[in-house]
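The next block holds one structure in the form of structure tokens; read it before the comments.
Only this structure's heavy atoms are used, side chains among them; waters, hydrogens and symmetry mates stay out. Residue numbers start from 1 in every chain, and the chains themselves are labelled A, B, ... in the order their sequence lines are given, proteins ahead of strands.
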Number of protein chains: 2
Amino acid sequence: MSREPRARRQPYSVDVVALTPRDNELAVLLERRGDGAGRDKSVRWVIPWTVSKSGEGLTELSQRALRNSTGAATTWTTQVGAFSDGPHPGGSELSILYVALVPMGQATVSSENFEWFRLSDLPALTERQSQMLQVSVAAVRDRLDLYPVAFKLLPATFTLSELQHIYELLLGRRLHKASFRRALAAAALVEPTDEWRSEGRGRPAQLYSLGTRKRRRGKRGVRFDLLG
Amino acid sequence: MSREPRARRQPYSVDVVALTPRDNELAVLLERRGDGAGRDKSVRWVIPWTVSKSGEGLTELSQRALRNSTGAATTWTTQVGAFSDGPHPGGSELSILYVALVPMGQATVSSENFEWFRLSDLPALTERQSQMLQVSVAAVRDRLDLYPVAFKLLPATFTLSELQHIYELLLGRRLHKASFRRALAAAALVEPTDEWRSEGRGRPAQLYSLGTRKRRRGKRGVRFDLLG
DNA sequence: GACATTAGTCGCATTATGTGACTAATATGC
DNA sequence: GCATATTAGTCACATAATGCGACTAATGTC
């Protein structure tokens with residue numbers, strides 16, 4: 001997609017931050033903007049976005065943006081919010097932001113205009129785009145305890161070590177193996193399959209899958225220790 | 001505000017769900033719509049909303065909507081999301097939803113066009129409005145552990161019993177007094193003032209205020225028990 | 001002064017969590 | 001084959017958090 005001809009202002013766009021685990025951290029999918037020949041060379045990558053065509057719902061729009069950038073991948077997607085400050089590459093006033101979680105190892109691109117970047121190795125972004133990315137990652141972290149986001153970053157079956165690595169990646173700190181597994185077992189969240197994976201060296205790991213939802217209600221007390 | 005003359009479609013509106021504790025549950029501020037003489041008599045109340053005037057940011061818009069409906073009250077406000085399904089009373093395609101938390105006892109109205117309704121005693125709403133209200137309440141609940149929302153539903157000073165009641169109201173279940181206070185003390189969240197409140201019968205209660213933030217980081221393990 | 005009512009605390013049983021050390025199963029180097 | 005490295009998975013025990021009933025404290029009402 002090349003530069004727009006001084007676009008008339010679109011009312012709103014749907015922007016999608018697609019995240020996937022890579023090299024022990026998160027990576028985000030960005031779109032190449034223009035050919036670098038324009039006057040604004042400093043910003044060459046943007047968060048993929050679409051604008052409404054004809055009465056499409058927000059969800060459909062986000063799915064279309066995702067399909068357009070990753071190539072396929074019906075992944076888990078959730079809305080983060082709306083942003084109005086600063087300019088948008090498509091000239092829209094409003095950005096409706098979605099995060100999409102792409103399972104490890106399934107991070108594809110639809111064309112060479114798209115590329116995955118590790119968060120520690122990002123290209124320059126505009127203020128608004130940078131903020132949207134930051135809020136997206138924070139949104140995923142905040143939902144970690146309430147929604148199965150960690151599992152959406154993994155394939156349907158996974159080893160417990162992989163699951164722990166995802167949690168460590170999202171929390172930004174190491175977890176103790178025995179504690180992690182004990183808590184996981186207590187919640188009866190995952191179920192073992194009869195498959196094992198041999199990763200080269202070391203003992204093979206058993207594969208697990210996310211168990212059927214059990215509507216367990218939290219009956220425990222209030223945690224005041226993570227109010228921020 | 002009376003019926004609009006077959007409004008041209010606005011690009012988007014900002015809708016504000018204002019919540020306050022009342023009679024041991026939450027109450028929401030609604031706006032009377034039209035005079036009841038129109039053909040659509042069944043829906044006479046709507047969630048207060050505004051549309052953009054001239055390059056206002058979303059935050060300013062929500063503040064204006066709030067001022068317009070409650071009369072004053074600079075309360076704590078946060079964005080919930082964007083909604084596109086179903087019709088909006090203002091004819092906009094998109095609703096950007098905000099929740100505002102109004103401290104107990106400070107729930108005023110700017111005019112007789114506005115009224116507070118307990119959630120158990122709501123008037124009929126459209127599908128979209130009903131959904132937005134439901135999502136707003138869920139958003140507040142989901143943020144209970146991460147953000148000091150419970151304190152935003154109380155005045156600057158409060159008794160510990162009042163605080164516990166707010167938590168019980170938001171969680172929908174009873175908490176044990178001693179456990180609640182022990183956890184609260186461990187987090188060093190609140191500070192006692194030297195004031196006491198005598199509520200008629202019973203022993204007077206000491207008043208507390210929310211202490212200064214202390215950036216305590218969560219070093220504890222993962223909770224799998226409330227994934228849903 | 002007995003009683004009702006609300007605030008606030010204590011002690012102990014139970015459960016959850018942190019942590020290091022242990023065993024198990026595989027690959028590699030010699 | 002056998003020692004060693006590497007990763008998976010478990011155990012046992014100490015410490016911390018939580019559930020919960022019973023207690024004391026301070027007020028108003030009769």
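- Residue S161(B) places at least one side-chain N or O closer than 4.0 Å to OP1 or OP2 of dA7(C).
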Begin with the C-alpha distance, continue with both residues' side-chain angles, and end with the deciding distance and a verdict on side chain to side chain donor-acceptor pair (under 3.5 Å) for S95(B) and R128(B). CA-CA 10 Å; S95(B) 291; R128(B) 174 157 157 186; 2.6 Å; yes
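- When heavy atoms are screened at a 4.0 angstrom cut-off, A205(A) is found touching the sugar-phosphate backbone but no base atom.
- The CD-P distance, from E195(B) to dA7(C), rounds to 17 Å in whole Å.
- In this structure, the CZ atom of R223(B) is 13 Å from the C1' atom of dT15(C), given to the nearest Å.
- Close to dA4(C), at under 4.0 Å from its OP1 or OP2, lies no side-chain N or O of R201(B).
- The base of dT19(C) sits with one of its N or O atoms less than 3.5 Å from a complementary donor or acceptor on the side chain of R182(A).
- In this structure a side-chain-to-backbone donor-acceptor pair under 3.5 Å is missing from Q129(A) to T126(A).
- The separation between L184(A) atom CG and dT10(D) atom P is 11 Å, rounded to whole Å.
- Straight-line distance from the OH atom of Y167(B) to the P atom of dT18(D): 13 Å, rounded to whole Å.
- In this structure, Y12(A) has its ring center at least 6.0 angstrom away from the ring center of Y12(B).
- Map G221(B) and Q206(B) each onto its nearest nucleotide of DNA chain C; the residue landing nearer the 5' end is Q206(B).
- Remark: P of dC23(D) and CZ of R181(B) are 19 Å apart, rounded to the nearest angstrom.
- For the pair P103(A)/T75(A), a side-chain contact is recorded, criterion being any heavy-atom separation below 4.5 Å from C-beta on.
- Ranked by how close their nearest DNA chain D nucleotide is to the 5' end, L160(A) and G202(A) are led by G202(A).
- The distance between atom CZ of F180(B) and atom C1' of dT18(D), rounded to the nearest whole Å, is 14 Å.
- Residue R173(B) contributes atom CZ, which lies 11 Å from atom P of dC20(D) at whole-angstrom precision.
- Of the two residues near DNA chain D, R203(A) and H176(A), the one whose nearest nucleotide lies more 5' is R203(A).
- Straight-line distance from the CZ atom of R220(B) to the C1' atom of dA16(D): 8 Å, rounded to whole Å.
- Along DNA chain C, the nucleotide nearest to S179(B) and the one nearest to E162(B) differ in position, and the one closer to the 5' end is contacted by E162(B).
- The neighbour count for E115(B) CD, taken as heavy atoms of other residues, nucleotides or ligands under 6.0 Å away, is above 12.
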